[in-house]
Amino acid sequence: MTTTDGGADPNPHWWVPTRVVFGAGRVNDVPLEIERIGRPLAVVVDEHALEAVPALAALVERLSPEVLVRRAATTPTRGEAELLSGRLREAGVRAVCAIGGGTVLDLAKAAAAAVMLPRLLTGWEPGGGFVLPEPAPRPGLPVVAVPTTAATGSEVNAKASLADGPDRRFLVHWSLFPRVAVVDPTLHTSLPPALTAEGAVETLARLLVPMVSDPPVSPLTDEVAIGQLRAVLPAAERAVADGDDLEARGTIALAASVSTFTVHQIGRHMHSFWVWYPINTLTALGLRKGPALGVLLTRWARLVVDGDKLAGDAGRLADLGGRALGLVGSPTPTEVADALVELLRGWGFPTDIEELDLDLDADELTERTWRAWSEPLRPRTRAQVAALFRGA
């Protein structure tokens, strides 16, 4: 059985308890899903999406929720989730419909779970990193998730990103899985090209980094990752050029959800997507994920090419990465890294950390990352994190 160089046990499982309803026009199934659960109903919705997508305004009117929360797509705080949870509890809500991107879905999931399990949001130790509450004897309120972006996969995962004072925390608990995810690409057509590309590059990173960084116990999981990448990359090119291309939008949306199922990580270390942790440090400073991914994916690929075994395997980058990116022949690791940089730049993302114009230097960024995420980053080292932030 393959393990990382640090000897950690590979991930033996994946969780897929959320039922996914996928396809153009499936937003019309949402009222039926709510009817199956029962009322009173709370709707938490991204106010920008509500104004930009006529079908969402019609949906909210049709749902006629007893509690309606409109909010901007910003990282929710733990206090906000606690307040919303109390409001849902007082209203006797039985079902929650979350409509928006990852931040809106995360808020709704955390609040809905805490209605039944209030201790999820209390007693947190100070500092960054994961919050892993004890197993609970009962689930939270059921959530119907309706994503309006294709990026984080929050509609099918058991995580919620919450700001807690100066820190970004990630609450992880079984009760955060939505009961149903309604993934309808017609809700994504108003996304501008930059956000379309940002979602695609997040899926790219989620699949490529684990595949190169950590060999699995079976070649099947490599093929799962390659197949998704071979589908999503050309679809992203099409959707960036034509936002109304529903087939391309649907492929991107489906890939965002399916890659979050982590089938491609079976047999790898559970934290093999290790670049995510320093990326989170940058986004916690207010940087968008696209620029953060552009820079750190570039640096990660260069570390692999330079022979950093814990960053990834150069042979796997050349072979599997080359296939995933559609390169012909037998590309070298450098050629695959160059192709990745060309793709990122073609989508408008920076690839050099100097382009980010950050107030913090590499040492400060490394310190923040290591303080919050040293445990899941291991066996990667503090020096490797620093190398990502120092640029070429």
Side-chain angles (χ1 to χ4, degrees), residues 42-53 56-57 60 65 67-88 96-114 120-121 124 128-131 143 145-155 157-172 176 178 181 187-188 190-199 201-202 256 260 276-294 349 356-360 365 368-369 372:
V43 170
V44 184
V45 60
D46 179 338
E47 60 185 6
H48 174 75
L50 188 62
E51 295 170 358
V53 184
L56 292 181
V60 172
V67 176
L68 175 62
V69 177
R70 298 173 49 146
R71 76 181 304 276
T74 57
T75 301
T77 68
R78 176 163 65 116
E80 183 183 5
E82 285 187 287
L83 288 173
L84 178 55
S85 179
R87 184 178 173 187
L88 301 182
V96 176
C97 182
I99 306 170
T103 57
V104 171
L105 269 56
D106 284 358
L107 171 63
K109 287 160 51 177
L120 288 180
L121 297 174
W124 291 12
F130 289 114
V131 179
V143 173
V146 185
T148 58
T149 62
T152 68
S154 181
E155 66 274 8
N157 72 26
K159 303 181 182 112
S161 173
L162 302 173
D164 187 36
D167 299 306
R168 178 83 64 85
R169 308 298 299 274
F170 281 83
L171 178 65
V172 182
L176 296 178
L187 304 181
H188 302 175
S190 67
L191 287 174
L195 292 184
T196 299
E198 186 169 285
V201 78
E202 184 168 355
T260 304
W276 179 87
Y277 301 103
I279 287 169
N280 181 68
T281 297
L282 294 180
T283 58
L285 296 173
L287 196 68
R288 289 205 60 86
K289 279 186 182 176
L293 284 160
F349 298 120
L356 300 181
D357 194 26
L358 298 170
D359 292 332
L360 301 181
L365 293 169
R368 289 192 178 204
T369 304

**Study point:** Distance-minimising heavy-atom pair for L120 and A113
**Key:** CD1-CB, 3.5 Å
Review point. Checking side-chain contact (heavy atoms from CB on, under 4.5 Å) against R70, which of L50, V104, V44 comes through?
Key: L50
**Study point:** Distance-minimising heavy-atom pair for C97 and V146
**Key:** SG-CG2, 4.1 Å
**Study point:** Heavy-atom pair with the smallest gap, counting every atom of R87 and V69
**Key:** NH1-CG2, 3.6 Å
Review point. To the nearest 0.5 Å, how far apart are CG in L360 and CG in L285?
Key: 5.5 Å
Practice item. Can you sort out the partners of A49 under side-chain contact (heavy atoms from CB on, under 4.5 Å), two or more places apart, ordered by chain and number? Key: D46, L56, T148
Check your understanding: Hey, what do you get for OG (S190) to CD (E51), rounding to the nearest 0.5 Å?
Key -> 11.5 Å
Review point. Any donor and acceptor pair, going by atom type alone, linking the side chain of H188 with main-chain N or O of P147 inside 3.5 Å?
Key: yes
Practice item. Look up atom CG in L358 and atom CG in L282, then write down how far apart they are to the nearest 0.5 Å. Key: 6.0 Å
Check your understanding: Can you list the steps and then say if S161 with D106 is a side chain to side chain donor-acceptor pair (under 3.5 Å)?
Key -> CA-CA 6 Å; S161 173; D106 284 358; 4.8 Å; no
**Study point:** Distance-only polar pair, side chains of N157 and T260, donor-acceptor under 3.5 Å
**Key:** no
**Study point:** Test side-chain contact (heavy atoms from CB on, under 4.5 Å) applied to E198 and P192, P291, P193, the passing residue
**Key:** P291
Practice item. Output, in order, the C-alpha distance, side-chain angles, deciding distance and verdict of side-chain contact (heavy atoms from CB on, under 4.5 Å) for R71 and T103. Key: CA-CA 10 Å; R71 76 181 304 276; T103 57; 4.2 Å; yes
Review point. What distance do T149 atom OG1 and E202 atom CD have between them, rounded to the nearest 0.5 Å?
Key: 8.5 Å
Practice item. Show your reasoning for whether side-chain contact (heavy atoms from CB on, under 4.5 Å) applies to L162 and W124. Key: CA-CA 12 Å; L162 302 173; W124 291 12; 3.7 Å; yes
Practice item. Look up atom CG in L187 and atom CD1 in I99, then write down how far apart they are to the nearest 0.5 Å. Key: 8.5 Å
Review point. Where do A111 and S85 come nearest, in terms of heavy atoms and distance?
Key: O-OG, 3.3 Å
Practice item. Please work out whether the ring planes of W276 and F130 are parallel, tilted or perpendicular, with thresholds of 30° and 60°. Key: parallel
Exercise for review: Could you pull out the closest heavy-atom pair between S154 and P178, with the gap in Å?
Suggested key: O-CG, 4.0 Å
Practice item. Please report the closest heavy-atom contact between A108 and V143, naming both atoms and the distance. Key: O-CG2, 4.4 Å
Point to revise | Rounded distance (nearest 0.5 Å) linking atom NZ of K159 with atom OG1 of T152 | key: 10.0 Å
Practice item. Could you pull out all residues at least two apart from R169 that satisfy salt bridge (Lys or Arg N to Asp or Glu O under 4.0 Å)? Key: D164
